[in-house]
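Okay, so here's the structure we're looking at.
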Protein chains: 2
Amino acid sequence: MAARQIPEASVARLPVYLRALVDTAERGTHTVSSEALATAAGVNSAKIRKDLSYLGSYGTRGVGYDVEYLIHQISRELGLTQDWATCIVGIGNLGHALANYGGFAERGFRIAALLDTDTSKVGQMVAGLDVLHFDDVERIVKEEEISIGIIAVPGPHAQEVGDRLCAAGITSILNFAPAVLQVAEGVSLRKVDLSIELQILSFYEQRRVAEESVRHGTARRRLEEAALPHAEA
Amino acid sequence: MAARQIPEASVARLPVYLRALVDTAERGTHTVSSEALATAAGVNSAKIRKDLSYLGSYGTRGVGYDVEYLIHQISRELGLTQDWATCIVGIGNLGHALANYGGFAERGFRIAALLDTDTSKVGQMVAGLDVLHFDDVERIVKEEEISIGIIAVPGPHAQEVGDRLCAAGITSILNFAPAVLQVAEGVSLRKVDLSIELQILSFYEQRRVAEESVRHGTARRRLEEAALPHAEA
DNA sequence: TCCTGTGAATTCGTTCACAGCC
DNA sequence: GGCTGTGAACGAATTCACAGGA
């Protein structure tokens, strides 16, 4: 088993499983079936089994998975057994919120630096950290051994910030800026775009409205049909 | 053409194209090829052409696409020609940041209400709006004709908030809470999970480190091989 | 000639269904 | 009997490659 090269789609689900498992463990349960874990994670059981099979054979036939053991294996696979140093660039509304968000540190992501170019922000204390000037990014990344950069600057500045981060030796970027980012070869990039998510919802929202009028039309037609002499009792 | 039922993956890219097109228009360009748009949107040109073909035949062979016209068509398709009322539930760090985030209003998403259960927050002014009590959600959703709910509460409260929103008649939910949300049949759901994104980056980060040691190992082995007598000149 | 629009080919991801083990 | 692990079947998404119109 243990076939290397886990599909991207599976990797993206592992953190979800991990969370479901931690919840399960907190409830004092020590064994889960793929079915139970599927329910907790909001997917189907075949997907769970397939995804977990990429990591190895960690389950027991006829029984299920040991919760603690699986938590350990997934954590290891995700690289969560070590700590990663991150920096947040752009201490505006969102940067502030991210700096204060407890969920990062909880999972081993240490916020090692807050950076901004705005001199009125530099020197401020945010979430217990001094805001430093982005000009010093190369030195800070090296000193703090930062590998993950979080971009929370306005869209038009995202690319230059990304370039500087790449140049400074960062190897992963999480981009919150509403802009398409080009990164150096070999740097991982993920993006979170708030307004894109709303626009996707808007599409389905509109389609729902369109379908509703169609359905009303259909309903009306059905009534008409029902009114025809050959309608069934 | 205009085949209905646009694939989900294409829908998710339309907002990205839209942003790239708006940028292009702001630079005073009136025509784009699929190739140019692909570069601006960070995808390949075949994808652009295929995706746009689902909307209709809006390009001109040998020329490209009219930027303004395409902006109009995509906006219409995404339902952005009308305004959507939203509410934000949970006015903590993130809720604050979201309320102050300009990107929503810009694209026709009006924040109609801020809701919280914490009585110390109710009555506060945030981003020019009174924070209201979540208990009144049914009335507020009806009065303001809110169709999209944004959840920014702590994980353990997300499900009950989601249930109340669904019961109040909301048809789309954007979930920022770190929890798997179950929604009523027919309600659209998207989630944004900050720490999951970091965990995905961590996976690739760790793999990179692992690969590096392998590559070093390989390099060493190659040197050894090269030192063998039968090595080529 | 240039670039779109699209069938066909391919790759990727999901689900089925059951053999194998507890 | 119950549940995992996994080939095989299926379906979705991407990419290729080129016919066809400007």
Side-chain angles (χ1 to χ4, degrees), chain A residues 1-17 20-21 24 29-74 77 200 203-204, chain B residues 1-17 20-21 24 29-74 77 200 203-204:
Chain A
M1 330 306 106
R4 237 352 43 117
Q5 204 61 302
I6 306 174
E8 215 175 304
S10 294
V11 172
R13 281 188 295 264
L14 291 181
V16 179
Y17 301 163
L21 285 164
T24 305
T29 309
H30 295 289
T31 306
V32 271
S33 65
S34 60
E35 196 63 57
L37 184 51
T39 305
V43 301
N44 67 47
S45 63
K47 214 180 256 177
I48 295 263
R49 291 199 301 279
K50 183 64 99 179
D51 286 343
L52 294 183
S53 79
Y54 293 122
L55 312 186
S57 290
Y58 296 143
T60 309
R61 289 161 201 246
V63 179
Y65 301 89
D66 181 273
V67 176
E68 294 296 341
Y69 185 58
L70 199 49
I71 287 176
H72 172 72
Q73 291 301 340
I74 294 181
E77 196 71 41
I200 296 169
F203 173 85
Y204 292 104
Chain B
M1 325 306 111
R4 231 2 35 119
Q5 204 61 302
I6 305 174
E8 215 174 302
S10 295
V11 172
R13 282 188 294 266
L14 292 180
V16 179
Y17 301 163
L21 285 165
T24 305
T29 308
H30 295 290
T31 305
V32 271
S33 65
S34 60
E35 197 62 57
L37 184 52
T39 304
V43 301
N44 67 48
S45 61
K47 215 180 254 178
I48 295 263
R49 291 200 299 280
K50 184 63 98 179
D51 285 344
L52 294 183
S53 79
Y54 293 122
L55 313 186
S57 290
Y58 296 143
T60 309
R61 287 161 201 248
V63 178
Y65 301 88
D66 181 90
V67 176
E68 295 295 343
Y69 184 59
L70 200 49
I71 288 176
H72 172 72
Q73 291 300 340
I74 295 181
E77 197 71 41
I200 296 169
F203 173 86
Y204 292 105

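Everything numeric here is computed off the predicted structure, so don't read it as measured data. Here is the naming used below: chain letters follow the sequence lines, and residue numbers restart at 1 for every chain.
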Checklist outcome for this item: Per nearest nucleotide of DNA chain C, the residue lying toward the 5' end, A:K47 or A:V63, is A:K47
Next on the checklist: Expressed as a whole number of angstroms, how long is the span from B:D66:CG to D:dA22:P?
Outcome noted: 16 Å
Item to check | Side chain of A:S33 (C-beta onward), nearest among D:dG20, D:dT4, D:dT6 | outcome: D:dT4
Item to check | Nearest to side-chain heavy atoms of A:E8, which nucleotide of C:dG13, D:dC16, D:dG2 | outcome: C:dG13
Checklist entry - Counting just side-chain N and O atoms, does B:N44 come under 4.0 Å of either OP1 or OP2 of D:dT15? => result yes
Next on the checklist: With a 4.5 Å cut-off on side-chain heavy atoms, are B:L37 and B:V43 touching?
Outcome noted: no
Checklist entry - Out of D:dA22, C:dT4, C:dA17, which has the shortest distance to the side chain of B:T60? => result D:dA22
Checklist entry - Taking atom P of C:dT4 as reference, at what distance in whole Å does atom CG of B:L55 sit? => result 14 Å
Next on the checklist: Please pick, from D:dT14, C:dC3, D:dT15, the nucleotide with the shortest atom-to-atom distance to any side-chain atom of B:R13.
Outcome noted: D:dT14
Checklist outcome for this item: Per atom distances to the B:Y65 side chain, the nearest of C:dT15, D:dA22, C:dG5 is C:dG5
Item to check | Nearest-angstrom distance from the residue atom CZ of A:R49 to P of D:dC3 | outcome: 10 Å
Checklist entry - Which nucleotide sits closest to the side chain of A:P7: C:dG13, C:dA8, D:dG2? => result C:dG13
Next on the checklist: If the cut-off is 4.0 Å, is A:S34 near the phosphate of D:dT4, judged by side-chain N/O to OP1 or OP2?
Outcome noted: yes
Checklist outcome for this item: Winner on side-chain proximity to B:S53, out of C:dT14, C:dT6, D:dT14, is C:dT6
Item to check | Spacing between B:Q73 atom CD and C:dG5 atom P, to the nearest angstrom | outcome: 12 Å
Checklist entry - What's the OH-C1' distance between B:Y69 and C:dT4, to the nearest Å? => result 15 Å
Item to check | Full working for ring pair (Phe, Tyr, Trp, His ring centres under 6.0 Å) between A:Y58 and A:Y65 | outcome: CA-CA 7 Å; A:Y58 296 143; A:Y65 301 89; 8.6 Å; no
Checklist outcome for this item: Of the candidates C:dT4, C:dA19, C:dT15, the side chain of A:K50 sits closest to C:dT15
Next on the checklist: Just the rounded figure in Å: distance from P of C:dC12 to OH of A:Y54.
Outcome noted: 12 Å
Checklist entry - Is there side-chain contact between A:E77 and A:I6, with at least one heavy-atom pair below 4.5 Å? => result yes
Item to check | Whole-Å gap separating P (D:dG1) and CD (A:E35) | outcome: 19 Å
Checklist entry - Is B:Y54 close to B:V11 at the side-chain level, that is, under 4.5 Å between some pair of heavy atoms? => result no
Checklist entry - If you take all heavy atoms of A:A40 and A:A20, which pair is closest and at what distance? => result CB-CB, 3.9 Å
Item to check | Separation of C:dT15 P from A:D51 CG (nearest whole Å) | outcome: 10 Å
